[in-house]
Amino acid sequence: DTGVSQDPRHKITKRGQNVTFRCDPISEHNRLYWYRQTLGQGPEFLTYFQNEAQLEKSRLLSDRFSAERPKGSFSTLEIQRTEQGDSAMYLCASSPQILDREYGNTIYFGEGSWLTVV
Amino acid sequence: KQEVTQIPAALSVPEGENLVLNCSFTDSAIYNLQWFRQDPGKGLTSLLLIQSSQREQTSGRLNASLDKSSGRSTLYIAASQPGDSATYLCASLMDTGRRALTFGSGTRLQVQP
């Protein structure tokens with residue numbers, strides 16, 4: 001179990017550029033989540049995949065944001081035409097799909113990808 | 001819409017003290033409530049998960065309780081240590097089938113040696 005892996009860990013980009021983050025979940029976890037966290041705040045939900053299907057999207061996920069999980073394994077989060085307000089840490093998490101009512105929904109987070117838009 | 005509040009926002013205590021962190025939520029129709037730890041610049045580590053049908057969970061020096069009807073959860077840390085210094089976040093999962101966690105803003109804990 002190597003944990004949830006995110007890449008890159010840090011990204012500085014100029015306003016208007018596109019950026020892409022990658023997340024490799026824990027193997028055999030079919031649920032994958034993206035959250036965004038700004039300084040001093042708790043994470044905010046962005047989107048959720050079960051296998052390759054994107055089942056939930058937050059209203060925070062504007063049309064400049066797109067997330068994919070093409071083969072039900074790794075996922076990418078792309079931000080187009082970045083704005084300074086996009087500066088945040090983008091967290092990926094995964095969890096196994098097991099009987100929730102017996103085992104709950106323990107979720108495992110990666111170390112996050114820091115984005116700074118200048 | 002669920003709102004989660006954590007009080008206090010920051011806390012500094014001397015080593016060895018027992019302490020309580022508070023979490024309140026506005027909508028009691030939760031599926032479970034989780035407590036996480038976050039070290040500066042790092043991701044989150046799940047500490048305890050309490051199902052809606054449970055009253056408390058314990059792990060080592062940590063004990064989390066849940067009072068769903070009053071919309072409250074507490075995290076009790078016994079005999080605090082400098083290594084406990086971190087931000088502690090609580091998050092609720094609603095009993096709607098949706099998978100989104102709603103987080104509080106966290107309590108930043110500093111344990112002085």
Side-chain angles (χ1 to χ4, degrees), chain A residues 3-6 9-10 21 23 25-26 29-51 53-61 88-114 116, chain B residues 1-10 21 23-25 30-54 56-57 59 64 66 73 75 86-109:
Chain A
V4 178
S5 177
Q6 293 190 242
R9 292 292 318 282
H10 301 274
F21 299 111
C23 172
I26 294 172
H29 280 192
N30 66 335
R31 290 175 168 166
L32 186 146
Y33 315 79
W34 286 99
Y35 285 80
R36 181 176 72 183
Q37 186 178 25
T38 53
L39 282 174
Q41 301 297 314
E44 296 173 292
F45 172 78
L46 293 178
T47 190
Y48 156 63
F49 290 85
Q50 183 162 308
N51 299 312
Q54 189 174 20
L55 298 184
E56 288 180 40
K57 289 173 63 173
S58 164
R59 277 174 285 184
L60 292 174
L61 213 65
M89 181 164 67
Y90 290 84
L91 289 158
C92 178
S94 69
S95 66
Q97 184 179 8
I98 48 181
L99 293 174
D100 277 357
R101 295 210 177 266
E102 288 186 26
Y103 299 101
N105 187 40
T106 300
I107 186 170
Y108 300 84
F109 280 84
E111 294 288 276
S113 292
W114 281 99
T116 302
Chain B
K1 178 190 170 188
Q2 178 74 294
E3 292 182 6
V4 179
T5 303
Q6 292 188 245
I7 294 173
L21 308 181
C23 171
S24 61
F25 46 93
I30 64 170
Y31 185 79
N32 63 39
L33 187 131
Q34 295 184 63
W35 283 91
F36 294 87
R37 170 184 171 138
Q38 186 173 33
D39 293 296
K42 303 289 188 180
L44 284 69
T45 301
S46 180
L47 297 173
L48 289 164
L49 182 152
I50 312 176
Q51 302 288 10
S52 61
S53 58
Q54 298 174 326
E56 63 180 313
Q57 283 287 329
S59 176
L66 174 65
S73 177
L75 179 67
T87 296
Y88 291 81
L89 297 132
C90 66
S92 69
L93 183 70
M94 301 308 293
D95 194 5
T96 58
R98 296 188 69 242
R99 308 308 305 178
L101 288 170
T102 301
F103 283 85
S105 296
T107 294
R108 191 170 64 254
L109 173 66

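Fair warning: this is a prediction, and the values are worked out from it, not measured in the lab. Just so we're on the same page: letters track the sequence lines, and every chain starts at 1.
Contact of the B/R99 side chain with the A/Y33 side chain is registered, since non-hydrogen atoms from C-beta on lie closer than 4.5 Å.
Options A/M89, A/R9, A/E56, A/Q6 differ in how many heavy-atom pairs under 4.5 Å they form with chain B, and the most are formed by A/E56.
Close placement of the B/F36 and A/F109 rings is indicated, their centers lying within 6.0 Å of each other.
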Atom pairs and distances, side-chain donor-acceptor, residues 40-48 of chain B, under 3.5 Å, sequence neighbours left out:
none

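With hydrogens and angles disregarded, a donor-acceptor distance shorter than 3.5 Å links the side chain of A/Y35 to the backbone of B/L101.
The minimum heavy-atom distance linking A/P43 with B/L89 is given by the pair CD-CD2, 4.2 Å. Closest approach of B/S105 to A/Q41, counting heavy atoms only: OG-OE1, 3.4 Å. Of all heavy-atom pairs between B/Q34 and A/I107, the closest is OE1-CG2, 3.8 Å.
Partners of B/Q38 according to the side chain to side chain donor-acceptor pair (under 3.5 Å) rule, which considers only residues two or more places apart in sequence or in another chain, are A/Q37.
Annotation for B/R108: atom CZ does not count as buried by contact number, only 12 or fewer foreign heavy atoms lying within 6.0 Å.
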